[in-house]
There are 2 protein chains.
Amino acid sequence: MNQKSHLKCPMDALLHLIMGPWTTYLLWTLSQNGPLRFGVLKRRLPGISSRVLTQRLRMLETAGVIFRDHRATIPPQVTYGLTQRGVELGGVLNDLEVIARRWDMVSETENIPVTQGDTGH
Amino acid sequence: MNQKSHLKCPMDALLHLIMGPWTTYLLWTLSQNGPLRFGVLKRRLPGISSRVLTQRLRMLETAGVIFRDHRATIPPQVTYGLTQRGVELGGVLNDLEVIARRWDMVSETENIPVTQGDTGH
DNA sequence: TAAAGTAGGTACTTTAAAGTAACCAGTAGA
DNA sequence: TCTACTGGTTACTTTAAAGTACCTACTTTA
């Protein structure tokens, strides 16, 4: 297997979509502030390059997670925001964050082995 | 920012933990089959190298997501399984997979913009 | 006249991580 | 005695992706 495993598995495709640097921050920023223009977004993600920001926005747009609203005015005005899918994804990311925070708080606690049949799957 | 952003943010730490190739397959395999020995695990992930499998197992063990049961017999016998944290994580991964499958099914449907205030955050 | 803001695109460099292959100890079995 | 199995480790190579820097066109403002 290699990085292209997402060509077969929808789960991998989704993880591949959100796993890169900046991506979750980007989604988070959009979910907190609503639709934002390119330049504003760039300023809210201090350190990100135009190149990577553009890549991320294109990926997410292709996946239908964000929308792109382009007005060919001068200067141009391009706004990005979450779609319904983006909101769905945000929900799961929120669950993940709740877990992440909880684990951080109690990182010194025990790790309990789980016997087969208890996993809930 | 760079790959080390997980040093600050628990969310990034968690994503960084599960995002690599093989990791979710590994967790999935353990959740479906219960604790497994190294060699069995390797055979259930066709194509993975010992090197990467070991790395993944170490990462997950350090994070408290799996446990390692080592018996210094000859030949040695090392078993890995999910901890409580592993089960929790499995739950969220399952949610993600449900979404991934649904999106795949309806990939031709509309992507609806969401106005500020509707995001539920 | 020159700078700044708009939303990126392009070329080159760098780096982190994955892949590959060989190797280890110790014993059982042919 | 030679092989294979156990669970890895180590060194080297390769590649995908991120970083860096500079470029565009068009207009307004100083």
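Below, chain A is the first sequence line, B the second, and so on; all start at residue 1. Keep in mind that the numbers below use all heavy atoms, side chains included, and drop hydrogens, waters and symmetry copies.
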| field | Atom-to-atom span, CD of Gln77(B) to P of dG8(D) - whole angstrom | value | 12 Å

| query | Separation of Leu36(B) atom CG from dG8(D) atom P, in whole Å? | reply | 14 Å

| remark: Out of dG7(D), dG8(D), dA18(D), minimum distance to the side chain of Arg37(B) belongs to dG7(D)

| query | Touch check for Thr54(A), heavy atoms < 4.0 angstrom, all strands: base, sugar-phosphate only, or nothing? | reply | sugar-phosphate

| Under-4.0 Å side-chain N/O to phosphate OP1/OP2 contact, His70(B) with dT6(D) | no

| In whole Å, what is the span from the CE atom of Met19(B) to the P atom of dA17(C)? | 7 Å

| task | Scan every strand shown for a Watson-Crick or G-U wobble partner of dG19(D), both distances under 3.5 Å, and answer none if you come up empty. | result | dC12(C)

| said: If I take atom NZ in residue Lys42(B) and atom P in nucleotide dG8(D), what distance separates them, rounded to the nearest angstrom? | reply: 12 Å

| task | Could you tell me the separation between the CG atom of Leu57(A) and the C1' atom of dG9(C), rounded to a whole number of Å? | result | 14 Å

| note | Picking from dG8(D), dA7(C), dT6(D), the nucleotide nearest the side-chain atoms of Tyr80(B) would be dG8(D)

| query | For Ala63(B), does its backbone N or O pair with a side-chain atom of Arg85(B) as donor and acceptor, under 3.5 Å? | reply | yes

| said: Keeping Thr79(A) on the side-chain end and Pro35(A) on the backbone end, is there a donor-acceptor pair under 3.5 Å? | reply: no

| request: Please tell me which of the listed nucleotides, dA18(D), dG26(C), dT20(D), lies nearest to the side chain of Pro21(A)? | output: dA18(D)

| task | Decide whether Val78(B) and Leu60(B) are clustered together by the hydrophobic rule: side chain heavy atoms of Ile, Leu, Val, Met, Phe, Trp, Tyr closer than 4.5 Å, transitively. | result | yes

| request: Name the closest nucleotide to the Val78(B) side chain, picking from dA7(C), dG7(D), dA18(D). | output: dG7(D)

| query | Under 6.0 Å from the CZ atom of Arg71(A), do we count more than 12 heavy atoms belonging to anything else shown? | reply | no

| said: What I want to check is whether an N or O donor and acceptor connect the side chain of Arg51(B) with the base of dG8(D) at under 3.5 Å. | reply: no

| task | Please state how far atom CH2 in Trp22(B) lies from atom P in dA17(C), giving the value in whole angstrom units. | result | 18 Å

| query | Hey, what do you get for CD1 (Ile66(B)) to CG (Leu89(B)), rounding to the nearest 0.5 Å? | reply | 11.5 Å

| request: Would you mind classifying the nucleic acid contact of Arg71(A) as base, sugar-phosphate or nothing, using non-hydrogen atoms under 4.0 angstrom? | output: nothing

| field | Whole-angstrom distance between dG7(D) and dT3(D), as gauged at atom P | value | 22 Å

| field | For atom CG of Leu53(B) and atom P of dG8(D), their distance in whole Å | value | 8 Å

| request: Taking only the side-chain nitrogens and oxygens of Arg43(A), find out if one of them lies under 4.0 Å from OP1 or OP2 of dT6(C). | output: yes

| query | Whole Å only: how far is the CD1 atom of Ile74(A) from the P atom of dC26(D)? | reply | 7 Å

| field | Under-4.0 Å side-chain N/O to phosphate OP1/OP2 contact, His16(A) with dA16(D) | value | no

| said: Which nucleotide wins on minimum distance to the side chain of Pro76(B), given the candidates dA18(C), dT9(D), dT6(D)? | reply: dT6(D)

| Which of the following nucleotides, dT9(D), dA18(C), dG9(C), is nearest to the side chain of Gln55(B)? | dA18(C)

| message | So, does Arg56(A) get its side chain near the phosphate of dG8(C), meaning an N or O under 4.0 Å from OP1 or OP2? | response | no

| message | Taking Pro21(A)'s backbone N and O only, do any of them form a donor-acceptor pair with Arg56(A)'s side chain (distance below 3.5 Å, no angle check)? | response | yes

